[in-house]
Protein chains: 2
Amino acid sequence: MERVQTLLRNHDIRPSYTRMAIYRYLDENRNHPTVEAIHEALSASLPTLSKTTVYNTLHLFIRHHLVKEIDLQDHKRYDIVQEPHAHFKCDVCDTLYDIDIVPPNAPTHDDIVDVRDVQLVYHGTCKRCQQAV
Amino acid sequence: MERVQTLLRNHDIRPSYTRMAIYRYLDENRNHPTVEAIHEALSASLPTLSKTTVYNTLHLFIRHHLVKEIDLQDHKRYDIVQEPHAHFKCDVCDTLYDIDIVPPNAPTHDDIVDVRDVQLVYHGTCKRCQQAV
DNA sequence: TATATATTTGTAATGATTACATTTTTATGG
DNA sequence: CCATAAAAATGTAATCATTACAAATATATA
């Protein structure tokens with residue numbers, strides 16, 4: 001049985017063809033794609049794929065802790081869950097780079113009881129865009 | 001001369017009445033308001049204030065490093081620039097708490113040249129919402 | 001005071017995301 | 001194998017924050 005199929009099953013997700021395709025895309029393209037990008041890329045092999053399905057599936061994956069949403073200024077990006085790490089967003093070309101740094105744990109704080117997630121995002125200009133000037 | 005007026009001048013911003021009002025609001029209400037909240041609060045004293053002006057002014061403040069934008073799932077929040085710190089967002093009541101922790105510096109990385117900003121945001125449930133269950 | 005410039009406003013467009021009802025697919029019991 | 005119920009996928013329409021833009025207003029300066 002295929003690895004992705006097993007993986008979805010292990011997370012209580014029925015491995016439909018569409019779901020496997022979306023998961024596989026995220027797994028093979030670790031460039032933090034937008035919904036738009038996922039939809040466009042998969043439309044070639046799944047011509048009837050709707051954006052609503054992409055949204056539905058991503059939200060399903062998020063609820064089952066397979067995927068994380070990254071909130072940026074404009075579109076949301078989606079990232080396969082992996083080791084805790086940070087991101088660097090180039091505000092010129094909009095590329096999102098993985099940064100190999102573990103976000104610090106939340107300190108104890110009067111108002112905080114239950115921390116489920118951390119997002120650590122750096123903003124600036126990447127090398128390529130800097131050189132392009 | 002009023003403090004806010006001087007402060008805006010020092011940042012090369014002409015201190016119009018509206019701009020001072022918006023700055024003062026952010027300074028006195030450090031609860032990371034949305035554009036909506038700012039507009040609604042100031043409409044009482046500035047009945048003709050338009051949302052466009054709130055947007056324009058915030059973006060002006062951001063360009064001049066007086067204000068930072070915080071990107072969350074839904075609306076953007078605005079925060080007066082102060083000591084580097086983190087945020088905790090309660091995903092139940094949407095409150096954004098200040099967290100007194102300095103985000104780590106970006107590590108040296110092949111793709112990164114110029115880092116201008118960091119956002120460190122924790123997500124979870126706050127004490128009040130936890131108890132409300 | 002006249003005129004150029006800066007600021008503010010209001011309306012219309014944009015565009016991502018969600019709501020929702022319908023259609024299609026899949027699983028299961030007889 | 002068929003009938004039927006449940007799940008998944010689809011398409012369209014609505015929502016709503018944000019932006020674009022042109023017109024109106026206020027401000028500064030000569």
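Every chain is numbered from 1, with letters handed out A, B, ... down the list of sequences. Atom set for the values below is all heavy atoms of this structure, side chains included, hydrogens, waters and symmetry mates excluded.
- Considering B/Ile70, B/Asp94, B/Val35, B/Thr34 as possible partners of B/His75, the one that fulfils the side chain to side chain contact (heavy atoms under 4.5 Å, CB included) test is B/Thr34.
- Base contact: B/Thr53 has a heavy atom under 4.0 Å from a base atom.
- In terms of heavy atoms, B/Ala106 sits closest to A/Tyr122 at N-CE2, 3.5 Å.
- If you measure from atom NE2 of A/His64 to atom P of D/dA7, you get 13 Å, rounded to the nearest angstrom.
- Protein atom NE2 of A/His75 is 9 Å distant from nucleotide atom P of C/dG15, rounded to whole Å.
- The only member of B/Asp79, B/Leu26, B/Leu72 that meets side chain to side chain contact (heavy atoms under 4.5 Å, CB included) when paired with B/His32 is B/Asp79.
- Across the protein-nucleic acid pair, A/Leu46 atom CG and D/dA8 atom P stand 16 Å apart, rounded to whole Å.
- Under the 4.0 Å criterion applied to side-chain N and carboxylate O atoms, B/Asp71 and A/Lys89 are not assigned as salt-bridge partners.
- When heavy atoms are screened at a 4.0 angstrom cut-off, B/His59 is found touching the sugar-phosphate backbone but no base atom.
- To the nearest angstrom, P of D/dA8 lies 11 Å from CZ of A/Phe61.
- When rounded to the nearest whole Å, the span between CG of B/Leu8 and P of C/dA6 equals 17 Å.
- Residue-level contact check: A/Lys51 touches neither bases nor backbone, having no heavy atom under 4.0 Å from any strand.
- The distance between atom CD of B/Gln73 and atom C1' of D/dC16, rounded to the nearest whole Å, is 16 Å.
- Side chain of A/Arg14, nearest nucleotide from D/dA9, D/dA7, D/dT10: D/dA7.
- Ranking D/dA20, D/dT10, C/dT7 by closeness to the B/Thr52 side chain, first place goes to D/dA20.
- The side chain of B/Asn56 sits closest to C/dT8 out of D/dT18, C/dT8, D/dA20.
- For A/Arg19, taking side-chain heavy atoms from C-beta onward, the closest of the listed nucleotides C/dT8, D/dA9, C/dT17 is D/dA9.
- Checked against D/dA28, C/dT9, D/dG11, the side chain of A/Ser50 finds its nearest nucleotide in D/dG11.
- Checked against D/dT10, C/dT9, C/dT8, the side chain of A/Leu49 finds its nearest nucleotide in D/dT10.
- A salt bridge links B/Asp27 to B/Arg30: one of the charged nitrogens lies within less than 4.0 Å of a carboxylate oxygen.
- Remark: P of D/dT19 and CD of B/Glu36 are 15 Å apart, rounded to the nearest angstrom.
- A/Thr34 comes within 4.0 angstrom of nothing in the nucleic acid, heavy atoms only.
- Here the P atom of nucleotide C/dA27 and the OH atom of A/Tyr17 are 15 Å apart, to the nearest Å.
- Toward the 5' end of DNA chain D, the nearer of the two residues A/Ile13 and B/Lys76, judged by each one's closest nucleotide, is A/Ile13.
- Between B/Ser16 and C/dT7, a side-chain N or O to OP1/OP2 separation shorter than 4.0 Å is absent.
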